[in-house]
Amino acid sequence: MTPTRTGSRTGSRTGGLASPPGYLTVGRVVALPVRRISVITAAVLLILIVAGAVATLSLGRLGIPLADLAGAVTGGAEGKDAFVLERLRGPRLVVAVGTGAALGLSGALFQSVTRNPLGSPDVIGLNAGAGAGAAIVALFLPGTLPVPMGALAGAVFAMVLVYVSTGSGFRNPGRLVVAGIGVAAIATAVIQYVVYAVERDKASVLTAYVNGSLAARSWDDAGTIWLVLLVVAPLTALIARRLDIGEMGDELAGGLGSEPGTTKSVAVTLSIVLSAGAVSVAGPIAFIALTAPQIAKRLTRGSGPHLTLASLVGALLLVLADLAAQQLPLFENLPVGIYTMAIGGVYLGYLLTREWRRGIL
């Protein structure tokens, strides 16, 4: 593993704080872009994630007292503390960290290849497809399949439709977004039909899978999402340098041998796998994939996909959103997806306000 640095120290386009990256290399295959500001930011994000985890486990009536938390986590939990750690909040926390990281990384991959700050797997119909699949299984096929499997099947089917509809697979970002919007509209129509076609009390079981929820997660769910991350993260590292080069444009990237068409297809496929894994354990949680990569870029004021930082920001956002879902007294039992929608709404409002001010100035 060898750190190397390439390029000159310009950084003027990003406010003077970000220099061109060095690359952390593993043999001749893996080259990960590394900046000092990125390392510092990653360390701060990790500290905040740990703080959020401590708050998740310790706050509230059933929380583990801070004085006992370290002993409980290292294997000394008994009675109520063991129940909270092993059944109630521990699996939920681990799923939140893994799901948030998967969504953040998914969004970073997607936005890198589409070069669109408003692009994410949400846009191309994955979440809507998951909701439609969950609706059909939960309300029309109860007991035939678990609802999470229905959500996963719906997400996969939606992506197959998008792949076929573009005529060029995942290679053309413009066609991908247009086809995705169409598939999302169809899936949303299916959801609405199912909800209105059945009794309202039966439709209430859809809440978690239409909005996304971390309630009643198990260690099996945690194992699922972390297995997806362990499989996809090394594959993402293999294309990290190509993605970094690809942000300079397809012609230049092709001239440097990064094969932009293949890189885009691989990146979108990995993005969809990550999002599908997240959907399978938590339902279609919105806006994390959209906001995390952009927050990561603004924290470092640098170019590039920021894959690692986007993962950490995604994990932090979902941990904090789930902490709010558990502890805010005014809104009991709201799915965590409602809170991530609020985060996304604030983010989009910020973007609109910033662009409006730029237009005025």
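- Under a 3.5 Å cut-off, the side chain of Gln111 and the backbone N or O of Leu290 do form a donor-acceptor pair.
- No continuous path of hydrophobic side-chain contacts links Val156 to Leu145 [ILVMFWY only; heavy atoms under 4.5 Å].
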Val97/Trp226 under side-chain contact (heavy atoms from CB on, under 4.5 Å): CA gap, chis, key distance, verdict: CA-CA 9 Å; Val97 173; Trp226 281 97; 3.8 Å; yes

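- Asp221 and Thr224 are not linked by any side-chain donor-acceptor pair at a separation below 3.5 angstrom, with hydrogens and angles left out of the test.
- For the ring pair (Phe, Tyr, Trp, His ring centres under 6.0 Å) test, no residue two or more places apart in sequence or in another chain qualifies with Phe157.
- Judged by distance alone, with hydrogens and angles left aside, the side-chain atoms of Trp219 form no donor-acceptor pair with the main-chain N or O of Val94 at under 3.5 Å.
- A side-chain donor from one of Ser275 and Ser106 sits under 3.5 Å from a side-chain acceptor of the other.
- Judged by distance alone, with hydrogens and angles left aside, the side-chain atoms of Thr291 form no donor-acceptor pair with the main-chain N or O of Gly344 at under 3.5 Å.
- Put simply, the side chain of Leu214 reaches to within 4.5 Å of the side chain of Leu318, judged on heavy atoms.
- Criterion: ILVMFWY side-chain heavy atoms under 4.5 Å apart, direct or through other members. Under it, Ile338 and Val346 are not part of a common hydrophobic cluster.
- Within 6.0 Å of CZ in Arg87 there are 12 or fewer heavy atoms belonging to other residues, nucleotides or ligands.
- Under the 4.5 Å side-chain criterion, counting only non-hydrogen atoms from C-beta, Phe287 is not in contact with Leu103.
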side-chain contact (heavy atoms from CB on, under 4.5 Å) evaluation trace for Asp322 with Val95: CA-CA 11 Å; Asp322 191 49; Val95 171; over 6 Å; no

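- For Pro234 against Leu230, the heavy-atom pair with the smallest separation is CD-O, 3.0 Å.
- The CG atom of Leu317 sits 9.0 Å away from the CG atom of Leu45 when rounded to the nearest 0.5 Å.
- Nearest approach of Arg89 to Leu59, heavy atoms of both residues: NH1-O, 2.5 Å.
- Remark: Leu69 CG to Ile64 CD1 distance equals 5.5 Å, nearest 0.5 Å.
- For the atom pair OG1 of Thr188 and CG of Asn127, the computed distance is 10.0 Å after rounding to the nearest 0.5 Å.
- Looking at heavy atoms from C-beta onward, Val319 lies in side-chain contact with Leu93 at the 4.5 angstrom threshold.
- At least one donor-acceptor pair under 3.5 Å links the side chain of Thr269 to the backbone N or O of Ser265.
- Side-chain contact between Val273 and Leu235 is absent, with no heavy-atom pair separated by less than 4.5 Å.
- Within the 4.5 Å cutoff, side-chain heavy atoms of Leu274 are placed close to those of Leu109.
- Between the side chain of Lys80 and the main chain of Gly63, a donor-acceptor pair closer than 3.5 Å is present.
- Heavy atoms only, all atoms of each residue included: Ala158 and Gly129 are closest at CB-CA, 3.9 Å.
- Put simply, Leu323 and Met341 are part of two different groups of oily side chains (I, L, V, M, F, W, Y) that touch within less than 4.5 Å, one to the next.
- Here the shortest heavy-atom pairing between Pro293 and Gly104 reads CG-O, 3.9 Å.
- Between Ala321 and Thr340, the closest heavy-atom pair is CB-CG2, 4.0 Å.
- Side-chain contact between Leu307 and Leu243: present, with at least one pair of heavy atoms (C-beta onward) separated by less than 4.5 Å.
- Follow the hydrophobic side-chain contacts under 4.5 Å out from Val160 and you never reach Met149; the two are in separate clusters.
- Across every non-hydrogen atom of Leu105 and Ser311, the tightest pair is CB-OG, 3.3 Å.
- Taking CD1 from Ile285 and OH from Tyr339, the interatomic distance works out to 13.5 Å, rounded to the nearest 0.5 Å.
- Between the side chain of Arg217 and the backbone N or O of Ala215 there is at least one donor-acceptor pair closer than 3.5 Å.
- The list of side chain to side chain donor-acceptor pair (under 3.5 Å) pairs with a residue in residues 40-61, not counting sequence neighbours, is empty.
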Residue pair Leu309, Ser38: steps toward the side-chain contact (heavy atoms from CB on, under 4.5 Å) verdict: CA-CA 7 Å; Leu309 290 183; Ser38 297; 4.0 Å; yes

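- Residues Ile124 and Met159 form a side-chain contact, since some pair of their non-hydrogen atoms from C-beta on lies under 4.5 Å apart.
- A distance of 6.5 Å separates OG1 in Thr263 from CD1 in Ile239, rounded to the nearest 0.5 Å.
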Verdict with reasoning, Val266 to Thr262, per side-chain contact (heavy atoms from CB on, under 4.5 Å): CA-CA 6 Å; Val266 172; Thr262 301; 4.2 Å; yes

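- Here the straight-line distance linking atom OG of Ser165 with atom CZ of Arg175 works out to 11.5 Å at 0.5 Å rounding.
- Taking hydrophobic clusters as Ile, Leu, Val, Met, Phe, Trp and Tyr residues chained together by side-chain heavy-atom distances below 4.5 Å, Ile181 does not share a cluster with Ile186.
- With hydrogens and angles ignored, the 3.5 Å screen pairs a side-chain donor or acceptor of Thr166 with a backbone N or O of Tyr163.
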